There are 2 protein chains.
Amino acid sequence: MNQVEIAEKLSAKGMRVTPQRIAILGAILKLNNHPTAENIIEYIKINHPNISIGTVYKVLDSFVENHLLKKVKTEGGIMRYDPLPFNHHHLYCEETDRIEDYEDQTLDELIIDYFEKKGIKNFTIQNIQLHITGKFKH
Amino acid sequence: MNQVEIAEKLSAKGMRVTPQRIAILGAILKLNNHPTAENIIEYIKINHPNISIGTVYKVLDSFVENHLLKKVKTEGGIMRYDPLPFNHHHLYCEETDRIEDYEDQTLDELIIDYFEKKGIKNFTIQNIQLHITGKFKH
DNA sequence: TACTAAATGAGAATGATTCTCTTCTAAGAC
DNA sequence: GTCTTAGAAGAGAATCATTCTCATTTAGTA
Ligand SMILES: [Mn+2]
Ligand SMILES: [Mn+2]
Ligand SMILES: [Zn+2]
Ligand SMILES: [Zn+2]
């Protein structure tokens, strides 16, 4: 996604288009490993040496609010950001900090069918997310 | 689980038995909602008014190390503690801070079977945990 | 070009968690 | 029961990711 496409995405959400916002969304798409705010700042500083840390956090929040991103919790409590705004699963590498997306409609249907039949007592399911830990083969 | 049973559990793990440790493990079992460190401290202060916050964190870490507890990440990055040391799933209430355990062997088998057949390219699965969000019916 | 609500930058504040260091104590040896 | 000592607890400072405040700048609109 280039800068023009990113700008269009922001406009479509009724958000103002700023150089900082374009850079931050571009960084997340480029970095492609559910980056932390710090990862993003480090990456952006090359072209935006004066960007403020507070701005990065505020922009990230506004993206989450506007469903351009989702937050991802990790061990250690540092927040990471996910450019896939729809529901999907994650593979967590045990040895490294890599988090990869896992999408699988067949599996989703299997699980949804199971819960439609069985249900959970006193609970209405809104969303199911798998947190798959393991190791990537190199 | 009474104090003697908790003390035995600590001894069995080769850990020293202290009044603080007994109180903290007792609190987590009693509170029964995957409490935060703060929840635990508040609860314990009744009988242990001089307990130090640092001690609570250190004790919790030692419990996690010794597989008496597991950590649970939540929205907002505040850590919570789980008295079930084996793998299980969680129900997250959208409206409140309640987290309930969900165990379901049939579901686990369904999912394990699925992945045994299909696998994930370049990834060895170690563990699968469901993060089920929704609403509790009151 | 001028206007204004919204966004940014700089730095202070926050707050959960960790660290440091001194004092205390649980558990084994005698 | 007393001694010994590694390990645990207490007090408070430090850390650090994130949030807040407020003065300045800017995007979008007229
Ligand atoms: Mn790896
Ligand atoms: Mn509820
Ligand atoms: Zn993702
Ligand atoms: Zn649990």
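Quick note on labels: first sequence line is chain A, next is B, and so on, each numbered from 1. Bear in mind that the values here come from a model prediction, so they are computed numbers and not experimental data.
Atoms CD (B:E8) and P (C:dA27) sit 13 Å apart, rounded to a whole Å. Here C:dA16 presents its P atom at 14 Å from CZ of B:R80, a figure rounded to the nearest Å. Rounded to an integer number of Å, the gap from B:I78 CD1 to D:dC16 P is 20 Å. Rounded to a whole Å, the NZ atom of B:K73 is 14 Å from the C1' atom of D:dA17. Between the CG atom of A:N50 and the P atom of C:dT8 there is a distance of 14 Å, given to the nearest Å. With rounding to whole Å, B:M15 atom CE is found 11 Å from C:dA27 atom P. In this structure, the NE2 atom of B:H48 is 14 Å from the P atom of D:dA11, given to the nearest Å. Remark: P of C:dC19 and CG of B:D61 are 9 Å apart, rounded to the nearest angstrom.
Donor-acceptor pairing under 3.5 Å, judged by distance alone, is absent between the side chain of A:T18 and the base of C:dA7.
Residue A:Y57 places none of its side-chain N or O atoms closer than 4.0 Å to OP1 or OP2 of D:dT19. OP1 and OP2 of D:dT26 both lie 4.0 Å or more from every side-chain N or O belonging to A:Q20. Regarding contacts with the backbone of D:dA6, every side-chain N or O of B:R16 stays at 4.0 angstrom or more from both OP1 and OP2. OP1 or OP2 of D:dG10 has at least one side-chain nitrogen or oxygen of B:T55 nearer than 4.0 Å.
Using a 4.0 Å cut-off between a side-chain N of Lys or Arg and a carboxylate O of Asp or Glu, B:K118 and B:D113 do not qualify as a salt bridge.
Proximity of the aromatic rings of A:H89 and A:H131 is defined here by a centroid distance below 6.0 angstrom, and this criterion is not met.
Residue B:K58 places its side chain closer to D:dA9 than to any other of D:dA9, C:dA26, C:dT8. Looking at the side chain of B:I51, the nearest of the listed nucleotides D:dG10, C:dG9, D:dT19 is D:dG10. The listed nucleotides are D:dA8, C:dA26, D:dG28; the one nearest the side chain of A:V17 is D:dG28.
Closest-nucleotide positions on DNA chain C for B:I53 and B:S11 were compared, and the one nearer the 5' end corresponds to B:I53.
Within a 6.0 Å radius of CD in A:E42, no more than 12 heavy atoms belonging to other residues, nucleotides or ligands are found.
In summary, of the residues considered (B:N39, B:T74, B:D101), a side chain to side chain donor-acceptor pair (under 3.5 Å) with B:H34 occurs for B:D101 alone.
Side-chain contact between A:Y102 and A:H90 is absent, with no heavy atoms from C-beta onward closer than 4.5 Å.
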